[in-house]
Amino acid sequence: MPLIVTDYSWTQTDSTVFISVPLKGARAERVDFLSTEEYLKVHYPPYLFEAFLSEPVDEDRSTAKVGNGVAVITLPKCSNAFWEHLVITTYDKEKKKEVRERALLKYQERLCSESRSKAEKQQAEKKYALETMMKFEKEERDRIVKRKENEREKTTAELAAWQLSQREAAETEARRKLQDQRDRQDKRKAPTGKQEKGCSEGAKVKLDGRGNSEAKSQKAPAPLPAPRRTAHIQVRFTPRVFPTALRESRVPEEEEWLQKQAEARRAGNADVEELKDLREEERNPEWLKDKGDQCFASGDFLGAVNAYNLAIRLHSKIPALHSNRAACHLKLKNLHKAIEDASQALDLLTPAVPANAAARARASVRRGSAFCQLQLYAEGLQDYQAALKLDPHNAALQADTQTIRDILQGSATGTH
């Protein structure tokens, strides 16, 4: 039960009441105030001060200050007049209880209203911040689009001007060649005319023993050779020699795998609108894969993910891109994405042939590692066993597989 404080003091003016309550050594942060127009409470355990005011006060302008071991409460009066008593003189406990409950209810309603107002203000501020951010982002996008349009128009104009200059240069060169050809023809015709004129005037011409004139006429141009005839050239490739015996050979699967690899590199998606601004090397998936590998080796896993993302958008059927991106997601702890990429890589690494065994082992280990980090050890053990079957002499893989078995056996033992 709290100790009631009675050694307080109060003073007044015609408009304000001042109450001083001794705190008896209590710290300021432990003092709790509650004030309404007809009730005042100061609580600092184990002490309690209550005042059932004889006249109403303005609770919105009421203040309290704590200092030097005293709490000073300032209560503005609702009407300018001097009070005869600070508190009511009745000893009716029911009335005091009613006043106290009414004050507490009013105080709780005021707290709820303030909380709602604060929440609405925060919501309005968040909405304003979101709208402002969206506006800034829209302006930035519009600015980038406008810059791209300007650059596209500028490049188009430069290309058109270059094409026009090339066309004019080609036409000029064609006219020059035609004029040169005409000049050569005119020069060939000139000596023939002079020779005919000399013969008509009866000029004597010495003949040699064969009856040919000593005057050597200009030789006629040699005729052009006839076009070559078309033909088909048979090309035969050396048959591939597989390291396995014929009874164990998987030549059809090997050929299917090689054909899928070739188709994956031919099947590009370079017509995507936002990919048209890329440089030529940035459209090459091998270049992007090397870039991602360099970023991964330097510890820039986000940069590696971005490089693999662009390569996959251009060529989505290359399994190494999905497998390497799974390794990046493992480093970034994006475990579900790592499982998804490793599964996609394993789907693309079909049919299962010796040429893709190492890649299948890596993808299985990456998916199994993600399962184990998610504490799905049974699924992880299946992937590790599949990888161990492909690479049975890998000591690290054998140790990891045994560790997972021990974890599963320990959990199974703990449940019994």
Side-chain angles (χ1 to χ4, degrees), residues 1-140:
M1 184 173 182
L3 302 177
I4 306 300
V5 176
T6 58
D7 54 344
Y8 67 92
S9 62
W10 71 286
T11 59
Q12 66 173 324
T13 64
D14 58 347
S15 61
T16 309
V17 175
F18 302 94
I19 304 176
S20 297
V21 179
L23 296 181
K24 304 181 184 301
R27 291 180 296 186
E29 60 270 14
R30 299 190 61 188
V31 182
D32 181 30
F33 295 91
L34 189 153
S35 174
T36 64
E37 63 181 6
E38 57 182 353
Y39 178 75
L40 172 65
K41 183 181 77 170
V42 181
H43 183 217
Y44 46 100
Y47 298 98
L48 173 67
F49 170 74
E50 279 187 319
F52 298 89
L53 303 176
S54 60
E55 299 290 339
V57 297
D58 188 351
E59 61 183 73
D60 296 329
R61 295 191 298 129
S62 299
T63 61
K65 294 182 180 180
V66 177
N68 297 325
V70 178
V72 179
I73 300 97
T74 304
L75 304 175
K77 298 178 179 178
C78 290
S79 59
N80 294 335
F82 279 91
W83 294 0
E84 294 182 3
H85 305 283
L86 175 63
V87 297
I88 59 177
T89 57
T90 181
Y91 293 98
D92 188 354
K93 291 185 178 180
E94 292 297 328
K95 183 176 181 180
K96 288 183 177 181
K97 181 179 178 181
E98 181 182 352
V99 171
R100 185 186 297 112
E101 292 177 351
R102 189 165 57 245
L104 291 175
L105 180 61
K106 189 172 183 180
Y107 179 71
Q108 291 175 355
E109 291 177 351
R110 185 171 64 187
L111 288 179
C112 292
S113 177
E114 291 177 354
S115 177
R116 284 195 299 270
S117 300
K118 184 177 180 181
E120 291 174 357
K121 183 179 179 181
Q122 290 178 349
Q123 184 67 21
E125 291 176 351
K126 288 182 180 179
K127 183 178 179 181
Y128 174 75
L130 180 60
E131 291 176 350
T132 304
M133 183 177 65
M134 293 175 63
K135 180 180 178 182
F136 286 158
E137 290 179 352
K138 184 178 182 300
E139 291 176 354
E140 182 68 16

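- For Met133, the CE atom is densely surrounded, since the number of other residues' heavy atoms within 6.0 Å is greater than 12.
- Between Phe33 and Val66 there is a side-chain heavy-atom pair separated by less than 4.5 Å.
- Between Lys118 and Glu114, the closest side-chain pair of non-hydrogen atoms is not below 4.5 Å.
- Under the 3.5 Å distance criterion, the side-chain polar atoms of Ser115 are left unmatched by any main-chain donor or acceptor of Leu111.
- Of the possible donor and acceptor atoms, none in the side chain of Thr16 sits under 3.5 Å from a partner among the backbone N and O of Gln12.
- Other residues, nucleotides and ligands contribute over 12 non-hydrogen atoms within 6.0 Å of the CD atom of Glu139.
- At least one side-chain heavy atom of Leu40 sits under 4.5 Å from a side-chain heavy atom of Phe49.
- Open room surrounds OH on Tyr128; 12 or fewer heavy atoms of other groups in view lie less than 6.0 Å from it.
- Of the inter-residue distances, the one linking Leu34 atom CG with Gln108 atom CD reads 9.0 Å to the nearest 0.5 angstrom.
- What you find for Lys77 and Thr13 is that their closest heavy atoms are NZ-O, 2.7 Å.
- Heavy atoms only, all atoms of each residue included: Glu59 and Glu37 are closest at OE1-N, 3.3 Å.
- The two residues Cys78 and Asp58 make their nearest non-hydrogen contact at SG-N, 3.8 Å.
- When atom types are taken as modelled, the side chain of Glu55 and the backbone of Trp83 share no donor-acceptor pair closer than 3.5 angstrom.
- In plain terms, the two heavy atoms of Ile73 and Val21 that are nearest each other are CD1-CG2, 4.0 Å.
- In this structure a side-chain-to-backbone donor-acceptor pair under 3.5 Å is present from Ser117 to Ser113.
- With a 4.5 Å cut-off on side-chain heavy atoms, Tyr44 and Asp32 do not count as touching.
- Contact check for Lys24 versus Leu3: no side-chain heavy atoms found under the 4.5 Å cut-off.
- One finds a salt bridge joining Glu98 and Arg102 here, because a Lys/Arg side-chain nitrogen approaches an Asp/Glu carboxylate oxygen to under 4.0 Å.
- Rounding to the nearest 0.5 Å places OG of Ser20 at 12.0 Å from NZ of Lys65.
- Applying the side-chain hydrogen bond (donor to acceptor under 3.5 Å, both in side chains) criterion to Glu50, with sequence neighbours excluded, gives Tyr39, Arg100.
- To the nearest 0.5 Å, atoms CG (Asn80) and OG (Ser15) are separated by 5.5 Å.
- Distance OG1/Thr11 to CD1/Ile19: 9.0 Å, rounded to 0.5 Å.
- Closest approach of Pro76 and Arg61 over heavy atoms only: CB-NH2, 3.4 Å.
- Remark: Lys41 NZ to Leu104 CG distance equals 6.0 Å, nearest 0.5 Å.
- Side chains of Leu86 and Leu53 form a contact here, defined as non-hydrogen atoms less than 4.5 Å apart.
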